[in-house]
Number of protein chains: 4
Amino acid sequence: MTIRTDLAMEAHEMCRSEARESAEIDGVSAAEENYDGVTITRVNIINENGSRRLGKAIGRYVTIEAADLKYSKSEFDTVCSLICGELRAMADVQPDSLTLVVGLGNGKITPDALGTRVVDYLMVTRHIKRYMRDVLSDNISNVCAVAPGVLGTTGIETVDIIKSITEKIKPQLVIAVDALAAADIRRVSTTVQIADTGIQPGAGVGNNRECINEEVLGAKVIAIGVPTVIDAASISNAEIPEDLSPLMVTTQDIDTVIDRMSHAVATGINLALHKDITVDEIENYVG
Amino acid sequence: MTIRTDLAMEAHEMCRSEARESAEIDGVSAAEENYDGVTITRVNIINENGSRRLGKAIGRYVTIEAADLKYSKSEFDTVCSLICGELRAMADVQPDSLTLVVGLGNGKITPDALGTRVVDYLMVTRHIKRYMRDVLSDNISNVCAVAPGVLGTTGIETVDIIKSITEKIKPQLVIAVDALAAADIRRVSTTVQIADTGIQPGAGVGNNRECINEEVLGAKVIAIGVPTVIDAASISNAEIPEDLSPLMVTTQDIDTVIDRMSHAVATGINLALHKDITVDEIENYVG
Amino acid sequence: MTIRTDLAMEAHEMCRSEARESAEIDGVSAAEENYDGVTITRVNIINENGSRRLGKAIGRYVTIEAADLKYSKSEFDTVCSLICGELRAMADVQPDSLTLVVGLGNGKITPDALGTRVVDYLMVTRHIKRYMRDVLSDNISNVCAVAPGVLGTTGIETVDIIKSITEKIKPQLVIAVDALAAADIRRVSTTVQIADTGIQPGAGVGNNRECINEEVLGAKVIAIGVPTVIDAASISNAEIPEDLSPLMVTTQDIDTVIDRMSHAVATGINLALHKDITVDEIENYVG
Amino acid sequence: MTIRTDLAMEAHEMCRSEARESAEIDGVSAAEENYDGVTITRVNIINENGSRRLGKAIGRYVTIEAADLKYSKSEFDTVCSLICGELRAMADVQPDSLTLVVGLGNGKITPDALGTRVVDYLMVTRHIKRYMRDVLSDNISNVCAVAPGVLGTTGIETVDIIKSITEKIKPQLVIAVDALAAADIRRVSTTVQIADTGIQPGAGVGNNRECINEEVLGAKVIAIGVPTVIDAASISNAEIPEDLSPLMVTTQDIDTVIDRMSHAVATGINLALHKDITVDEIENYVG
């Protein structure tokens, strides 16, 4: 089986289905919860065997699936709260700690624009804290953000850009946001994966492969991803010419969906980083 | 066989391949030429049998294939000239006749934005001819353009919008530009089809089905289309859920490719409608 | 005094200030109300003298000013409700009457994009009512929308496009939305004018001058406008070269402000046309 | 006199006009040339007195004015060649030296988007030279590019982002591109300034004030700027409220003009950095 997925829960499903295993895979634990129509799957990869079997780094992967997020304001709100809760469970954000949010991907290719659009919706405060400290209350955390672009347009490895910036500004936490590929089209634009393992930029539609993780950056890295495409190979029965620009399979409503998912992810991050803040206050700030 | 294609040449290929026919299909003639690496295929559907077999209206379909158009300025120039030549062969544009160019599709969905972007690159002159007649020389033709939007965002059938406008301004020629679906991924973004049969808006990624043709509009209609997607069904071996937003399969570089193809199609139209004009003069005018 | 304004309330202010009149101008009545920090000014031009003095057509002009709309969710909500109330006071929308919303202006020039963006946020239902009647409850009205473009890019007078469409689909009500010019920079992007007099397309940044009103269209026309620019002449002490592209003076945050104002205007229209619908239901529908 | 300009030639004009000086200002030399309707003004600030009088750093400032660049393909080509020539005169680009092009400004505000759009049109090669060395001939130089965003959206001083990246990748040359403010509206979108003095990000429409220069970056810095706005204060006879978002005065055609100027600047840079390359080859590469 060579169907590509960036979701640990799909890798786990495929792995079990392949092996026709009824028992758990050694080194992997999985559990599922439901909140108001939203499903949370927690896959923990706890040893090398689990990592090898699933093709993913050791760590925690939380997947939030909300099939009606696109149409339902209440699912949207539930997803924002769940992202907030999971981020807070993974990272201990203190009032004065600095968080760098990295919006990965190419903002000019719609299904790859998730990361850059999340940056647009963020409450960025570092410059205000530095130059106009008094205007922000203490429950507003110190947040900055970059959208470093992709190797094909910058000529510089994305991880090198992020590494050089983190060396300069020394954040305690890095949140890296990127578009992902799923195996199952139903998970495209309905699903958020949060992982404490770091991320490979370009996993969604690109192809450069260095990891953005704590080992490289010297700061805790949480990765948030949303599947926006499936690989053509996942659904194809035809040979796909290798000399073509890579294919992507996505939904026709991807433009509006990307906007809605970016908004949900950004709101979840804003709620997690800043204490006792309401969604209305966020909207007022972000404009 | 249910693979969908908007290209008459692909329908012809599939029809012959299915039937393992070595002889021509009754009611269809086809011929191929080459110019500097660019292939022109002419499929003429000349009777009801041909129309039924290929699933296309009776008429002439010219397909221009340029595999390197994306990277090669000389193929780009060749394609512009060929579009110009084919348009002039199909329509007799007189100095004072009025042409309406209709840019079909949804400008907010990249693979469906071809029509609206062609309108952006057009030399539109009708208002100048009306209000500042003397500033334009006689070799500049009378051209106007609309991008009527799609049923899903206007709530009005596209053909009704176009029909009401043509009744008001009474053009002699309508050129309708739209994104198409191909069966073969290699034809996506490398191919232009010109047909004297009219067009169904939404053939590319939408689904409303009325025809824009001479019978309906009372003016000759030439359709120009570029395949920008293949249907997921064309390459899928999996069942695709019917309750999802329709899938589209396209290339990752679709944003830049759409821009280049729109530019080529608009330049071909500009060269065809205005006499003795150079590409540089067009660029100066369009800005 | 030649400072240009599209706001009747500013024309009234200037007229009285010029004439140093303490008494009312004959043919004009004006009144002001306040709701939670939002100011409503009602200027009624009731005879030819008033029309001549203010340089505006006879009719009702309601101006809603909300200085903090950009940052305040509660002012945003107040403005949406007020737009809804004023629209309902001016037009009697019945369950089966058809409303056409026209988004005027050039979507590619940010300060002129208000009209086209309002169309993006509208609940358009006419096609659903026609083809899938049962999915919509009776409190959802029959609404369609077009963004006809501007003379400079279509070559067709905007009023001719709208007139031809209204002749075809015969709406009972037309709501025309456009960007306006104000005299006072503080009214840019903080103000909504609703008038029952029709509108001249291009009043904001263009220059074509035909009127879109009941006399021309045969249906009641309500105009909704938001000032997004002031004319350079309004603030200039220098001679502005006439051979240049017209200048516009606007704020640096015009991109985000246009988005917020479009959202407010569209929400007000959606609330007015559809009965007993909540903002959340609108968001779910529009996506 | 407090009219703000980022153009040394305008500062020089104003300074002489103020002082009614017929003689040169001590510490400033100026000369003018003409090529086919394009005017080149060279202002050299050679000592502290000149720097203080003009309010600009010591160094060379070359201004290229092309009033018809927007409409004339030949002026466009002339400007591209002149930018190439001036860049080569200021910097010695060797086959293996690395150049970093920095696109400053906020890509979401049209008049501030020049820098980010220049990056879109650049021939970026560093990643190809690293990973597929053989596909590029030796006359193609080593080029990378970043668009670091603005302080208001990243929360990080732009100069800190650039400094951290230059420390990592160690370019021999940095070319920083930004939108500027002019005093004379006729210079908006018709003028290119090239300076060997570095640049202050946000000089165009923002307000953060650190310098990007050789002293800070440890690499030669050439600044290329295009005026896209004039300050409202430059033309205003009215008091402009200080609590508003800063005003900008620009032309209505700024969207298309920014695109054309970005293209010209990028083409000039591409021609300067890569040897014996034609404009057609650039277009093929950039796509």
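The sequence lines fix the lettering, A, B, ..., with proteins before strands; numbering per chain opens at 1.
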Q: Are any of the side-chain heavy atoms of K108(C) and T256(D) separated by less than 4.5 Å?
A: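 A side-chain contact is absent here, since even the closest heavy-atom pair is not under 4.5 Å.
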Q: Roughly how far apart are D255(C) CG and T110(D) OG1, rounded to 0.5 Å?
A: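 Interatomic distance, D255(C) CG to T110(D) OG1, rounded to 0.5 Å: 5.5 Å.
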Q: Sort D253(D) into side chain, backbone, both or neither according to what part of it lies under 4.5 angstrom from a heavy atom of chain C.
A: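 Backbone plus side chain of D253(D), per the 4.5 Å heavy-atom cut-off to chain C.
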Q: Heavy-atom distance under 4.5 Å between the side chains of T250(D) and M248(C), does that happen here?
A: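 In short, these two side chains touch, coming nearer than 4.5 Å.
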